[in-house]
Structures are given as C-alpha cells and as structure tokens.
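Because only heavy atoms are used, hydrogens play no part in the values below, and waters and symmetry mates are left out as well, while side chains stay in.
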Amino acid sequence: MQNRALVYVLHSGEMFGTERMALATMLAQQGSMPLILVCPPGKVAAVAQNLGITTHCFRSPRELFGLLKNIFRQHHTLAFFSTAVMHSVFAGMLALCTGAKIRHIHMVHGGTDETLSYGRKKWLNRFSLTFVAVSDYVRSRLEAHGVPAGKIKVIHNFLLPGPAPLRPAFQQAVGNAIVVSRLDPIK
C-alpha cells in the first residue's frame, strides 16, 4: 500500500475553469505525492495524461464508486478533492470502510442554479471536510443554504497560464482587443 496520494474527482470532462483550476492545483503538488484525476471522459482526461497525471474515467456513479474503492484500498492517506455531493459521500463511506485517512476538500465553483450549485451542499455538513468557495459570493450562497461559516474557506477563482490554452498565443502585436467575460458576482 502506498502511503499517500492526491485524488481530484471532477463532475465534468470538459476544460472550463473548474477543470483548469483542478489541473493547476494538482500540478502545484507534482513530485510531492502521486496525483490521480478521476473524471468523465473528455478533454481534461487527455490533458491530464499528457501532463503525467494518472487518470481514470467513469461513465456512471457505479463505475465511479468502483474506481474510488480501488484507490482507497491502495492508498492509506489521501488528499481528496471533490466537486459534487455524490463524490464527497462516496469518499466519506470509503474512508470509513477502508480505514483510509483523508483530508477532504469539497470545491464549490458556483452557478446559476441555486439547488444544484448550493442547495444540496448542506447534506455534507456531517462530514469532516472543508468547503472551498471560489468567491465571497459563493461563500454567501453556501451560508444561505445552511453550510456553517466555519466550514468554508474562500480561495478566489484563479486561472494560471495553463497546460491547455484555448488558442495559441498571438505572434504579432494586436491593434485592438475586446474581452468578453462574465461580469457577475458568481465568479
């Protein structure tokens, strides 16, 4: 049994902000412990594999549970990051059943659907985990939906120049530029 690993479970296989932040978080720990990404098939899995991150893909909750069960059996100590309530419930159950020690971080990126983004998070209040909100707005929505303030840490949304730019860098100077961004408090 290997001593420890960082496991990051994503609910999406795309390469949007959530997935890019997950990769940046993992890469910051590269060399200190094995890195394991668990996600649906998609772009993020290919990028992670190219970066040397062990990657497992799932297509159903049952498949995810099986993958996590094997990971929890192989590693005694885990830094466990999750982005969905189901991931966190599975981790709590598996830690109890296998005796694995986990430092559990539940990432909350926010969204416009209150129930999906925040409403179910209070189900995790009984678990020994820390909620990481990516903005003060996300923190306020978690609190409004019953997550105790003491369980929430804010680490502001970040996107570093990353492993998968959306387009190649400009080779020549640009005369005019327009930035289209999401200008709302959620992000």
**Q** Heavy atoms only: give me the nearest Tyr137-Ser140 pair and the separation to one decimal.
**A** O-OG, 2.6 Å

**Q** Return yes if a side-chain donor-acceptor contact under 3.5 Å exists between Thr130 and Arg103, otherwise no.
**A** yes

**Q** May I ask whether Val154 and Ile105 are part of the same hydrophobic cluster, defined by side-chain heavy atoms of I, L, V, M, F, W, Y residues being less than 4.5 angstrom apart, directly or through others?
**A** no

**Q** Which residues satisfy the side-chain contact (heavy atoms from CB on, under 4.5 Å) test with Arg59, sequence neighbours excluded?
**A** Pro41, Glu63

**Q** So which atom in Glu143 and which in Ala149 form the shortest heavy-atom distance, rounded to 0.1 Å?
**A** OE2-CB, 3.3 Å

**Q** Please report the C-alpha distance between Leu37 and Phe81 in whole Å, then the side-chain angles of each, then the deciding distance to 0.1 Å, and finally whether the side chain to side chain contact (heavy atoms under 4.5 Å, CB included) criterion is met.
**A** CA-CA 10 Å; Leu37 178 68; Phe81 291 77; over 6 Å; no

**Q** For a side chain to side chain contact (heavy atoms under 4.5 Å, CB included) check, start with the C-alpha distance between Thr83 and Val9, then their side-chain angles and the critical distance, and finish with the verdict.
**A** CA-CA 7 Å; Thr83 59; Val9 184; 5.9 Å; no

**Q** Looking just at side-chain N and O atoms, do His104 and Ser88 make a donor-acceptor pair shorter than 3.5 Å?
**A** yes

**Q** Kindly assign one of parallel, tilted or perpendicular to the pair Phe90 and Phe65, based on the angle between their ring planes and the thresholds 30° and 60°.
**A** perpendicular

**Q** Parallel, tilted or perpendicular, judged at 30° and 60°: which one describes the rings of His87 and Phe58?
**A** perpendicular

**Q** Going from OG on Ser82 to CD1 on Ile102, what distance comes out if it is rounded to the nearest 0.5 angstrom?
**A** 8.5 Å

**Q** For Ile152, does its backbone N or O pair with a side-chain atom of Arg139 as donor and acceptor, under 3.5 Å?
**A** yes

**Q** Nearest 0.5 Å, please: how far is CD in Gln29 from CG in Leu6?
**A** 6.5 Å

**Q** Show your working on side chain to side chain contact (heavy atoms under 4.5 Å, CB included) between Met107 and Thr18 and close with a plain yes or no.
**A** CA-CA 9 Å; Met107 300 296 298; Thr18 299; over 6 Å; no

**Q** In Å and rounded to the nearest 0.5 Å, what is the NE2 to CE distance from His109 to Met21?
**A** 4.5 Å

**Q** Apply side chain to side chain contact (heavy atoms under 4.5 Å, CB included) to the pair Phe16 and Val44, showing each step before the final yes or no.
**A** CA-CA 9 Å; Phe16 300 126; Val44 70; over 6 Å; no

**Q** So does Lys151 have more than 12 non-hydrogen atoms from other groups sitting under 6.0 Å from NZ?
**A** yes

**Q** NZ/Lys122 to NE2/His145 distance, rounded to the nearest 0.5 angstrom?
**A** 8.0 Å

**Q** Look only at the side chain of Gln30 and the backbone of Gly52, and say whether a donor-acceptor pair between them is shorter than 3.5 Å.
**A** no

